[in-house]
Asks: 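Have a look at this one.
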Amino acid sequence: MEKKIIYSAVQPSGNLTIGNYAGAIRNWVRLQSEYDCFFAIADMHAITVRQDPAELRRRTLELAALYIACGIDPEKCVLYVQSHVPAHAELCWVLNTFTYVGEASRMTQFKDKSQKHADNINMGLMDYPVLMAADILLYKADFVPVGADQKQHVELARDIAMRFNGRCGETFTVPEPLILKGGARIASLQDPAHKMSKSETENPNASVFLSDDRDTVLRKFKRAVTDSGNEVRYGEEKPGVSNLLNIYCTFKGCTPEEAEREFAGVGYGDFKLAVGETVADVLAPIQKEKARLLAEKDELVSYLVSGRERAAYAARKTLSKVYRKVGFWKE
Ligand code: TYM
């Protein structure tokens with residue numbers, strides 16, 4: 001039986017956080033043996049916000065190394081850089097004509113980013129989810145494993161796919177978001193009402209980065225906000241502690257019930273130390289492997305070249321079909 005297809009990507013737009021790991025990359029690792037997987041480095045999405053070119057190039061390679069260090073097998077999966085495959089931009093153009101300005105401007109992330117980057121509300125920012133739809137639809141993905149913040153974008157990709165299929169005949173697989181419990185919405189350690197973000201620069205203790213060393217990780221967890229009371233358990237009135245428990249479960253690989261049992265009677269200070277140590281223990285080997293891959297670049301580059309070829313082949317097939325359906329002439 002043919003395997004179902006998985007597609008996902010991360011932007012090389014900042015330092016990756018434990019939220020990116022918990023909501024996305026960790027799940028990809030678990031899915032790679034069961035599905036045909038495409039994992040991209042979304043550099044075209046990243047430039048919707050101003051990037052320093054040298055920095056973007058560096059982050060792109062770093063992200064590739066990080067994927068592999070986290071356990072993505074570049075021989076089993078197609079691991080590639082989005083801008084290496086021109087079909088993304090080409091399909092995006094066609095899909096633009098199947099997307100209404102109204103629906104694009106209603107996207108929560110567009111509204112948030114427009115507020116945050118009020119001096120640069122460029123067309124790319126608004127077109128961002130259409131490019132994301134092009135990514136997903138090019139590879140006929142059945143499932144898109146993402147964190148909760150990307151659900152709305154995957155739903156738009158579904159709407160665009162159905163609209164195109166309705167008008168031009170069966171062309172695209174209609175994708176489904178795959179949002180796994182627990183790690184899908186890791187919140188800031190300083191403000192549990194907001195997601196932990198790689199672009200957070202105001203409060204250095206809010207986000208734990210995958211590149212943070214052990215002392216930094218422990219310090220950030222030590223300073224994490226908790227709630228009133230002194231019990232370590234889940235609860236709507238305990239957003240800080242619930243977030244820390246989610247992080248613990250994700251990194252320890254245990255259930256919420258097991259975690260609550262483990263910390264029954266334990267004070268907040270010791271609890272936060274245990275969460276920090278668990279996270280630091282998971283990060284250490286990832287950081288070591290990432291450094292090795294970056295030091296021996298040839299291996300990494302060869303994976304990305306092979307990934308580009310495999311991705312371009314699959315993408316070109318879909319794009320040709322789309323071009324035919326919309327009526328582009330070809331000799
Ligand atoms: P990006 O780069 O913002 O985030 C990458 C992945 O990490 C998840 N994530 C989180 N999960 C849990 N808690 C958090 N605090 C947290 N922060 C981020 C995101 O949900 C995402 O899964 N547009 C996408 C990249 C993209 C893409 C695609 C994804 C481009 N093309 C096609 C899927 C399919 C983005 O900006 O993710």
Asks: Within the structure provided, determine whether Val322 and Phe172 are in side-chain contact (heavy-atom separation under 4.5 Å).
Replies: yes

Asks: Looking at Tyr35, Phe39, Tyr7, which hits ring-ring contact (aromatic ring centres under 6.0 Å, His included) with Tyr139?
Replies: Tyr7

Asks: Are Met123 and Asp127 side-chain neighbours, meaning at least one heavy-atom pair lies under 4.5 Å?
Replies: no

Asks: Are Leu178 and Leu31 packed together at the side-chain level, in the sense that at least one heavy-atom pair is separated by less than 4.5 angstrom?
Replies: yes

Asks: Under a 4.0 Å N-O cut-off, is there an ion pair linking Lys252 with Glu277?
Replies: no

Asks: Do Leu131 and Gln82 touch side chain to side chain, with heavy atoms closer than 4.5 Å?
Replies: yes

Asks: State whether the side chain of Asp227 and the backbone N or O of Val241 hold a donor-acceptor pair below 3.5 Å, judged by distance alone.
Replies: yes

Asks: Under the criterion side chain to side chain donor-acceptor pair (under 3.5 Å), I'd like the reasoning laid out for Tyr313 against Glu309: C-alpha separation, chi angles, the key distance, then a yes or no.
Replies: CA-CA 6 Å; Tyr313 178 78; Glu309 275 155 23; over 6 Å; no

Asks: Step by step, would you call Leu180 with Arg30 a side-chain contact (heavy atoms from CB on, under 4.5 Å)?
Replies: CA-CA 11 Å; Leu180 301 178; Arg30 293 193 288 185; 3.8 Å; yes

Asks: Using a 3.5 Å distance criterion without hydrogens, assess whether the side chain of Asn15 forms a donor-acceptor pair with backbone atoms of Phe209.
Replies: no

Asks: Could you walk me through whether Asp213 and Thr216 pass the side chain to side chain donor-acceptor pair (under 3.5 Å) check?
Replies: CA-CA 5 Å; Asp213 61 27; Thr216 310; 2.6 Å; yes

Asks: Is Arg219 atom CZ crowded by more than 12 heavy atoms from other residues, nucleotides or ligands, each under 6.0 Å away?
Replies: yes

Asks: Do Ile18 and Asp212 come close enough that some side-chain heavy atom pair is under 4.5 Å?
Replies: no

Asks: Please determine if Arg292 and Glu289 form a salt bridge, counting it only when a charged side-chain N lies under 4.0 Å from a carboxylate O.
Replies: yes

Asks: Determine whether Met132 and Phe110 fall in the same hydrophobic cluster, where Ile, Leu, Val, Met, Phe, Trp and Tyr are linked whenever their side-chain heavy atoms lie under 4.5 Å apart.
Replies: yes

Asks: If you draw a 6.0 Å radius around NZ in Lys3, do more than 12 non-hydrogen atoms from other residues or ligands fall strictly inside?
Replies: yes

Asks: Any chance NZ of Lys325 has more than 12 other-residue heavy atoms, nucleotides or ligands included, within less than 6.0 Å?
Replies: yes

Asks: Within the distance-only criterion (no hydrogens, no angle test), does the side chain of Gln190 pair as donor or acceptor with the backbone N or O of Arg223 below 3.5 angstrom?
Replies: yes

Asks: Side chains of Phe164 and Val94: does their closest heavy-atom pair fall under 4.5 Å?
Replies: yes

Asks: Given 3.5 Å as the limit, does a donor-acceptor pair link the side chain of Gln152 with the main chain of Met107, or not?
Replies: no

Asks: Is the shortest distance from a Lys or Arg side-chain nitrogen in Arg261 or Glu258 to a carboxylate oxygen in the other one below 4.0 Å?
Replies: no

Asks: Return yes if some donor-acceptor pair links the side-chain N/O of His45 with the main-chain N/O of Tyr128 below 3.5 Å, else return no.
Replies: yes

Asks: Distance from Asp142 atom CG to Glu176 atom CD, nearest 0.5 Å?
Replies: 8.5 Å

Asks: Between Ser13 and Ala46, is there a donor-acceptor pair closer than 3.5 Å when you use the side chain of the first and the backbone of the second?
Replies: no

Asks: Around Lys76, counting heavy atoms of other residues, nucleotides and ligands shown, do more than 12 lie under 6.0 Å from its NZ?
Replies: yes

Asks: Under 30°, 30 to 60°, or over 60°: which ring-plane class applies to Tyr80 and His88, parallel, tilted or perpendicular?
Replies: tilted

Asks: With the side chain counted from C-beta on, respond yes when Phe263 and Leu244 share a heavy-atom pair under 4.5 Å apart, and no when they do not.
Replies: no

Asks: Without swapping roles, check the side chain of Ser8 against the backbone of Pro145 for a donor-acceptor pair under 3.5 Å.
Replies: yes

Asks: Determine the sole option in Arg185, Lys113, Lys195 for which the salt bridge (Lys or Arg N to Asp or Glu O under 4.0 Å) test with Asp149 is passed.
Replies: Lys195

Asks: Got a sec: does the NZ of Lys4 have more than 12 other heavy atoms crowding it under 6.0 Å?
Replies: no

Asks: Has Asn20 got a side-chain atom pairing as donor or acceptor with Thr17's backbone, closer than 3.5 angstrom?
Replies: yes

Asks: Give a yes or no on whether a salt bridge exists between Arg163 and Glu103, defined as a side-chain N under 4.0 angstrom from a carboxylate O.
Replies: yes

Asks: Aromatic rings Tyr67 and Trp28: how do their planes relate, parallel, tilted or perpendicular, breaks at 30° and 60°?
Replies: perpendicular

Asks: Check whether Lys272 reaches the backbone of Ala224 with its side chain - one donor and one acceptor, N or O, closer than 3.5 Å.
Replies: yes

Asks: So does Cys77 get a backbone contact from the side chain of Arg310, meaning a donor-acceptor N/O pair under 3.5 Å?
Replies: yes

